[in-house]
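These numbers were taken from a predicted model, which means no experiment stands behind them.
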Amino acid sequence: MRLERVEIVHVAIPLVTPFRTSFGTMTAKDTFLLRVVTDEAEGWSEFAADPEPLYCSEFVAGAEIVLRDFLLPRVAALPHLTTAALAPAMAGIKGHELAKAALETAVLDAELRGHGMPLATYLGAVRDRVPAGVSVGIRDSVPELLDDVERYLAEGYVRIKLKIEPGWDVEPVRAVRERFGEGLPLQVDANTAYTLADAEHLRGLDAFGLLLIEEPLEENNLYAHARLQERLATPVCLDESLHHARDTASAIALGACRVVNVKPARVGGYLEARRVHDVAHAHGVPVWCGGMLETGIGRAPNLALAALPGFTLPGDTSASGRYFAEDITEPFVLQDGHLPVPTGPGIGVEPRPDALRRFTRARRDLYTA
């Protein structure tokens, strides 16, 4: 392929309800889409982070600069543009995995469209639909939380994840267990809100038969997570701490986690996400696909990834209506607790022109040949 143009499309889409975690409250998905045009096809991707560096160090305005000034010049200089060549070309730029993932995914989409191949086929998917879980944000009261969980279960979600933080942990979990029973697949996500000094308090969650507790301590501290896992019966799952397959292998070897959350953007793209899956699967460690409140442009490739054989736990690939009254693509709709894996070439979806026009705040060319 030959790179002809790269366009950034800044979009802002209101959420149906505010989404609160331990690090803040979101009311809209405010990010950018990346459109890559080659001489063979065009490809789309979605930048996964937010306008502020609260969940991770990357943010929307910073990623645009990194793409324009550092990543694209290296990619444009490649004599032959292929997705496999991108990671080595971008390796000299330290970090910025989410920006790299956006570029890699858009190029991969274009490359696969040129070959007429679905992403699921390319990755090695073994299922045509995946079970859907839902992430429930922190609420102002337990009754509000119980109403949310009841509604999501009525919609058909097969697993519930509760966001927790100090002061909102044991009692909300207890209330959900008592209301909906021991048979409900239930897990919690702390988004790094605790310290190792909270180990005894977190042991209180062991009584509720949780699938896992996600990223309870500060990110990148594998030692502390290993020490915590020694004291908990609940499996520790790592998210923010795992940036590539090497981190994953180290975490498993250290006993820092018994479950892995695979977010393709966090590890630099779908090629590395598949390697993370392969490492965990080879060690018998279950993986699941995390979410970043993606539009359909980001949700579609996540569903393809979640159809790989090692993804044995329901992920956060919820239906479009969980977050948006109107998605930027054709909506993903829950069917018997599952979402279909896209079968079209590339990521299998593209923006609807009318929706893209309504939600677009700005468009800029980052590169033209």
Arg299 to Tyr323 six-membered ring, cation-pi geometry met (6.0 Å, 45°):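 Negative - Arg299 is either too far from the ring of Tyr323 or too far off its axis.
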
Charged tip of Arg227 within 45° of Tyr223 ring normal and under 6.0 Å: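 Yes - Arg227 lies over the ring of Tyr223, closer than 6.0 Å to its centre and within 45° of its axis.
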
side-chain hydrogen bond (donor to acceptor under 3.5 Å, both in side chains) assessment of Asp109 paired with Tyr270: CA-CA 11 Å; Asp109 186 30; Tyr270 288 87; over 6 Å; no

Salt-bridge contact [X]-[Y] (side-chain N to carboxylate O under 4.0 Å):
{"X": "Arg358", "Y": "Glu326", "value": "yes"}
{"X": "Asp148", "Y": "Arg151", "value": "yes"}
{"X": "Arg246", "Y": "Glu272", "value": "no"}

Atom pair [atom1]/[atom2] of [X] and [Y] - distance to nearest 0.5 Å:
{"X": "Leu86", "Y": "Arg74", "atom1": "CG", "atom2": "CZ", "answer": "13.0 Å"}
{"X": "Cys56", "Y": "His243", "atom1": "SG", "atom2": "NE2", "answer": "9.5 Å"}
{"X": "Leu217", "Y": "Leu222", "atom1": "CG", "atom2": "CG", "answer": "10.5 Å"}
{"X": "Ser135", "Y": "Gln187", "atom1": "OG", "atom2": "CD", "answer": "8.5 Å"}
{"X": "Leu72", "Y": "Leu34", "atom1": "CG", "atom2": "CG", "answer": "7.0 Å"}
{"X": "Trp44", "Y": "Arg35", "atom1": "CH2", "atom2": "CZ", "answer": "6.0 Å"}

Tell me the closest heavy-atom pair linking [X] and [Y], and the distance in Å.
{"X": "Pro73", "Y": "Leu67", "value": "CD-O, 4.1 Å"}
{"X": "Phe324", "Y": "Lys29", "value": "CE2-CB, 3.8 Å"}
{"X": "Lys100", "Y": "Ile93", "value": "NZ-O, 2.6 Å"}
{"X": "Leu339", "Y": "Ala319", "value": "CD1-N, 3.9 Å"}
{"X": "Ala41", "Y": "Ala110", "value": "CB-O, 3.5 Å"}
{"X": "Ala325", "Y": "Val16", "value": "N-CG1, 3.3 Å"}

Parallel, tilted or perpendicular: rings of Tyr157 and Tyr152 (30°, 60°):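 Ring orientation, 0 to 90° scale: perpendicular.
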
Plane angle bin for His277 and Phe311 - parallel if under 30°, tilted between 30 and 60°, otherwise perpendicular: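 Taking His277 first and then Phe311, their aromatic rings lie parallel (interplane angle under 30°).
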
Flag the pair [X] / [Y] as yes when at least one side-chain heavy-atom distance between them is below 4.5 Å, and no otherwise.
{"X": "Thr105", "Y": "Phe47", "value": "no"}
{"X": "Leu145", "Y": "Trp168", "value": "yes"}
{"X": "Arg177", "Y": "Leu186", "value": "yes"}
{"X": "Asp365", "Y": "Ile8", "value": "no"}
{"X": "Phe19", "Y": "Leu293", "value": "yes"}
{"X": "Glu350", "Y": "Arg113", "value": "yes"}
{"X": "Pro286", "Y": "Val259", "value": "yes"}
{"X": "Asn191", "Y": "Lys163", "value": "yes"}

Residue pair Val287, Leu313: steps toward the side-chain contact (heavy atoms from CB on, under 4.5 Å) verdict: CA-CA 7 Å; Val287 300; Leu313 295 175; over 6 Å; no

Is the side chain of [X] donor-acceptor paired with the backbone N or O of [Y] at a distance under 3.5 Å, no angle test?
{"X": "Thr25", "Y": "Thr21", "answer": "no"}
{"X": "Glu144", "Y": "Val142", "answer": "no"}
{"X": "Ser241", "Y": "Asn220", "answer": "yes"}
{"X": "Asp198", "Y": "Tyr194", "answer": "no"}
{"X": "Thr234", "Y": "Leu211", "answer": "no"}
{"X": "Arg352", "Y": "Asp327", "answer": "yes"}
{"X": "Arg203", "Y": "Ala199", "answer": "no"}
{"X": "Arg139", "Y": "Gly137", "answer": "no"}
{"X": "Glu4", "Y": "Ala369", "answer": "no"}
{"X": "His244", "Y": "Asp247", "answer": "yes"}

Sole candidate of Arg322, Arg159, Lys263 that passes salt bridge (Lys or Arg N to Asp or Glu O under 4.0 Å) when paired with Asp316: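 In the set Arg322, Arg159, Lys263, the residue that makes a salt bridge (Lys or Arg N to Asp or Glu O under 4.0 Å) with Asp316 is Arg159.
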
Between [X] and [Y], is there a shared hydrophobic cluster once you connect ILVMFWY residues whose side-chain heavy atoms come closer than 4.5 Å?
{"X": "Leu71", "Y": "Val60", "answer": "yes"}
{"X": "Ile65", "Y": "Val6", "answer": "no"}
{"X": "Val75", "Y": "Val37", "answer": "no"}
{"X": "Val134", "Y": "Met26", "answer": "yes"}

Criterion salt bridge (Lys or Arg N to Asp or Glu O under 4.0 Å) on Arg363 and Glu7, from CA distance to verdict: CA-CA 7 Å; Arg363 300 181 80 134; Glu7 181 187 24; 2.7 Å; yes

All side chain to side chain contact (heavy atoms under 4.5 Å, CB included) counterparts of Ala249, not counting sequence neighbours: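 Testing Ala249 for side chain to side chain contact (heavy atoms under 4.5 Å, CB included), a comparison that skips the adjacent residues, returns Val279.
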
Intermediate values then yes/no, side-chain hydrogen bond (donor to acceptor under 3.5 Å, both in side chains), Glu46 and Thr295: CA-CA 8 Å; Glu46 177 178 337; Thr295 72; 2.5 Å; yes

Other residues, nucleotides, ligands: >12 heavy atoms within 6.0 Å of Glu52 CD: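 No, because the 6.0 Å sphere around CD of Glu52 holds 12 heavy atoms or fewer from other groups.
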
Neighbour count >12 (heavy atoms, 6.0 Å) for atom CG, Asp354: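 Enclosed.
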
Worked verdict on Val36 versus Glu42 for side-chain contact (heavy atoms from CB on, under 4.5 Å): CA-CA 5 Å; Val36 164; Glu42 72 174 33; over 6 Å; no

Stepwise side-chain contact (heavy atoms from CB on, under 4.5 Å) test for Val260 and Asp239: CA-CA 7 Å; Val260 169; Asp239 173 4; over 6 Å; no

Residues Glu215, Thr192; criterion side-chain hydrogen bond (donor to acceptor under 3.5 Å, both in side chains); working and verdict: CA-CA 5 Å; Glu215 200 74 26; Thr192 76; over 6 Å; no

Intermediate values then yes/no, side-chain contact (heavy atoms from CB on, under 4.5 Å), Val173 and Val188: CA-CA 8 Å; Val173 171; Val188 296; 3.7 Å; yes

side-chain contact (heavy atoms from CB on, under 4.5 Å) partner of Pro216, the single match among Asp189, Val236, Ile164, Asp169: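 Checked Asp189, Val236, Ile164, Asp169 against Pro216; only one passes side-chain contact (heavy atoms from CB on, under 4.5 Å): Val236.
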
